[in-house]
Amino acid sequence: MIASECEPYAKSGGLADVVGSLPVALQELGHRVIVILPKYSAVDSIRYGLQPFMSPIGVWMGNAQEWCSAHSAHKQGVAVYFIESKKYFDRWGYYHDPDMNDYLDNARRFGFFTRAALQLCRDMGFRPDILHVHDWQTALGAAYLKIWHWNDPLLGQARSVLTIHNIAHQGVYDRADYEYLGLQWGNFTSDKFEDHGKINMLKGGIHYADMVNTVSPSYANETRTPEGGSGLAPYLNARGDDYIGILNGADYAIWNPETDPLIPANFSRADLGGKAVCKRELQKRFLLDVNPDVPVIGVVSRLAAQKGLDLLAASIEAMVEDMSVQFVVLGSGEKGLSHYFGTLPARYPGKIGSYIGYSEELSHWIEAGSDFFLMPSLYEPCGLNQIYSLRYGTLPIVRATGGLDDTVQQYDERKGTGTGFKFIQPNASALYNTVGWAVSTYFDRKAHLLKMMRAAMAKDYSWNQSARQYERMYLRARSL
Ligand code: ADP
Ligand code: GLC
């Protein structure tokens, strides 16, 4: 498995959660998996016990060889290798600078990484049955297998699988890098790499991978349409049955209120006592009015347009003015949203708390201590936080899109069934009304709320099922 993120070494979002946990689940099914990652300067070598593994590794880029080295570590029995290239990965961020500008040489950085990962397999004598690549960053791996390694004694038999975690990010870069990436102009056509005169790395992967999947069945359907495919729907449709949706699994070793070491008190479905403690501590930590009877709505999110936080920005002030409710927001990303949510607590003291930045610990506190978890995403390939929320009895309030729609069951006010609250229209008033519905349920239908919490906590979105679906996809790729 070759990827640009993997929890706990390097994480900016859910890709890291998946690459961190799927290999472990596959090993439990009896497969041997190795994971190859870039060694960003942010990877803490000492904490994770990285060992020098191989040096030098010669990688052909364009018509010259470049050199890198590899380190190794272990994660729950899975061997993890890191490609070290100071030139490409000794930087502030994974993909962009502190001002959120993409690094201009991203095509080169991740093209180099992907080729280096394949070279590492060859140099260490590893013969994969499946090469599993993720998103645009490593999509070229599928092309390299077919173009360069079809005859290779070690890589020649490998089949490739590409997982798309977010179709909006395609790795579209200037064609000036095309030859450096080791691609021939004969393949610079609109069905492969060419996209309005530029290189589209994800598109190339969609063409060359033996199987392609995305991270929920609904998102697989949405991406097949012009509205949801960000320009790639025709190419996904061209893959027919070789493009499927497999829901992400949650790693309940990390996200489990019964054992979570990061939260103030543990709790379970049978004994919710600790959840009240978590709520009180959360209120204290975010300087909210400490009151067990006011519902707390949590948000943990990248602050990006995808996540629909503009809708929240357009309605949060009215909500705290009109309703008895508190908000806690943890997020980082876009400047405008960071500034807006960062300055809200000063304007609504005791009612809104926020932390702009990245904090693993706070994300667990919010999952555990909130009553509701809000994800108003405009689109959501899978979404993991709503799945974690369910396990913590924190009912999701979500827009009915992609994986959010697949994993949250709508509240039925007559029966008290469901696991959350969903809205369809991507606008601030739909969000406002749905939060109002959740808040009124909190005050007026306590029995329903408890029943929903218990139903939510009993949901099983572990990797068990999904890892088996990946296994079936791998077998299918091998049979092609
Ligand atoms: P996406 O990958 O689109 O960001 P997901 O819901 O799949 O969305 O995954 C997000 C992951 O990143 C979750 O594990 C979430 O807890 C984590 N996360 C996002 N923002 C932060 C943050 N500011 N601090 C800590 N964790 C965060
Ligand atoms: C992407 C998507 C998110 C998904 C994650 C892991 O970041 O935005 O919905 O859960 O990848 O697959």
Side-chain angles (χ1 to χ4, degrees), residues 1 3-8 10-22 94-95 132-137 162-170 202 213-220 222-223 228 230 245-255 260 262-263 298-309 328-334 337-338 341-342 353-368 370 373-392 394 396 398-399 401-408 461 463 466 470:
M1 212 172 280
S4 61
E5 295 187 24
C6 175
E7 197 276 333
K11 166 165 168 175
S12 78
L15 169 65
D17 299 43
V18 172
V19 178
S21 50
L22 173 59
Y94 305 149
Y95 317 121
H132 189 159
V133 295
H134 297 264
D135 280 349
W136 65 268
Q137 288 90 342
L162 164 66
T163 299
I164 300 173
H165 297 262
N166 190 335
I167 197 112
H169 300 294
Q170 301 176 1
L202 187 66
N213 82 302
T214 187
V215 290
S216 71
S218 286
Y219 192 64
E222 291 165 17
T223 47
S230 296
I246 302 178
L247 200 63
N248 284 335
D251 186 346
Y252 291 129
I254 299 179
W255 297 97
D260 191 336
L262 296 176
I263 58 179
V299 175
V300 177
S301 185
R302 289 184 294 113
L303 301 178
Q306 169 198 350
K307 300 295 176 179
L309 295 169
V328 176
V329 180
L330 166 65
S332 61
E334 282 175 10
L337 287 168
S338 299
F341 286 109
S354 74
Y355 178 83
I356 303 306
Y358 192 88
S359 165
E360 206 67 35
E361 185 193 29
L362 286 179
S363 72
H364 285 248
W365 275 51
I366 294 173
E367 291 289 1
S370 305
F373 193 90
L374 179 64
M375 280 178 87
S377 308
L378 302 182
Y379 69 92
E380 195 61 75
C382 178
L384 290 165
N385 280 114
Q386 84 283 9
I387 297 179
Y388 304 151
S389 302
L390 292 168
R391 187 45 66 102
Y392 286 78
T394 302
V398 302
R399 201 171 93 72
T401 180
L404 296 176
D405 202 20
D406 289 346
T407 53
V408 177
Y461 289 108
W463 274 108
S466 299
Y470 273 99

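Note that the numbering runs from 1 along the sequence shown for the chain. Remember, it's 1-based here, ligands and their atoms both numbered in the order they're listed. Quantities reported herein were computed from a predicted structural model and do not represent experimental measurements.
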Self-check item: Proximal atoms of ligand 2 relative to Glu380 (non-hydrogen, under 4.0 Å)
Solution: 2 (C), 3 (C), 8 (O), 9 (O)
Please list, one pair per line, the donor and acceptor atoms closer than 3.5 Å that link side chains of residues 378-387 to other protein atoms, with sequence neighbours excluded.
residue: Tyr379; atom: OH; partner: Asn166; partner atom: OD1; Å: 3.0
residue: Tyr379; atom: OH; partner: Asn166; partner atom: ND2; Å: 3.4
residue: Glu380; atom: OE1; partner: Lys307; partner atom: NZ; Å: 2.9
residue: Glu380; atom: OE1; partner: Ser377; partner atom: OG; Å: 2.7
residue: Glu380; atom: OE2; partner: Gln306; partner atom: NE2; Å: 3.2
residue: Glu380; atom: OE2; partner: Lys307; partner atom: NZ; Å: 3.0
residue: Asn385; atom: ND2; partner: Glu367; partner atom: OE2; Å: 2.9
residue: Gln386; atom: OE1; partner: Leu384; partner atom: N; Å: 3.3
residue: Gln386; atom: NE2; partner: Cys382; partner atom: O; Å: 3.0
residue: Gln386; atom: NE2; partner: Gly383; partner atom: O; Å: 2.9
residue: Gln386; atom: NE2; partner: Thr407; partner atom: OG1; Å: 3.1

Exercise. Quick one: list whatever passes side chain to side chain contact (heavy atoms under 4.5 Å, CB included) with Asp406, sequence neighbours left out.
Key: Ser216, Pro217, Ser218, Leu247
Self-check item: Within-shell test, Gly383 vs ligand 1, heavy atom, strictly < 4.0 Å
Solution: yes
Quiz item: Considering only heavy atoms of Gly14, which atoms of ligand 2 have at least one such atom less than 4.0 Å away?
Solution: 5 (C), 6 (C)
Quiz item: Considering distance alone, does some N or O of Leu15 sit under 3.5 Å from an N or O of ligand 1?
Solution: no
Quiz prompt | Nearest option to atom 9 (O) of ligand 1, as decided by whichever heavy atom of Ala250, Gly14, Pro381 sits closest | solution = Gly14
Practice problem: Could you tell me whether ligand 1 has any atom less than 4.0 Å away from a heavy atom of Tyr388? | Solution: yes
Practice problem: Specify side chain, backbone, both or neither for Val215, according to which of its non-hydrogen atoms lie closer than 4.0 Å to ligand 2. | Solution: side chain
Quiz prompt | contact_flag Ala304 ligand 1 heavy-atom lt 4.0 Å | solution = no
Quiz item: Would you call the rings of Tyr392 and His364 parallel, tilted or perpendicular if under 30° counts as parallel and over 60° as perpendicular?
Solution: perpendicular
Practice problem: Give the residue and atom name of whichever protein heavy atom lies nearest to atom 7 (O) of ligand 1, and the separation in Å to one decimal. | Solution: Leu384 N, 3.4 Å
Quiz item: What protein heavy atom sits nearest atom 16 (O) of ligand 1, and how far off is it?
Solution: Asn385 ND2, 3.2 Å
Exercise. Provide, to 0.1 Å, the distance between atom 8 (O) of ligand 1 and the closest protein heavy atom, together with that atom's residue and name.
Key: Lys307 NZ, 3.1 Å
Exercise. Return the residue, atom name and 0.1 Å-rounded distance of the protein heavy atom closest to atom 22 (C) of ligand 1.
Key: Tyr358 CD1, 3.4 Å
Quiz item: Counting heavy atoms only, which part of Ser301 comes closer than 4.0 Å to ligand 1: side chain, backbone, both or neither?
Solution: backbone
Quiz item: In terms of residue, atom name and distance, what is the protein heavy atom nearest to atom 25 (C) of ligand 1?
Solution: Ser359 O, 3.3 Å
Quiz item: Where do Ser466 and Gly249 come nearest, in terms of heavy atoms and distance?
Solution: OG-N, 4.3 Å
Quiz item: Side chain, backbone, both or neither: which part of Asp17 comes within less than 4.0 Å of ligand 2 when only heavy atoms are counted?
Solution: neither
Exercise. For this output row, return yes or no: ring centroids of Tyr470 and His132 closer than 6.0 angstrom.
Key: yes
Quiz item: Touching ligand 1 at all, Gln386? Heavy atoms, strictly under 4.0 Å?
Solution: no
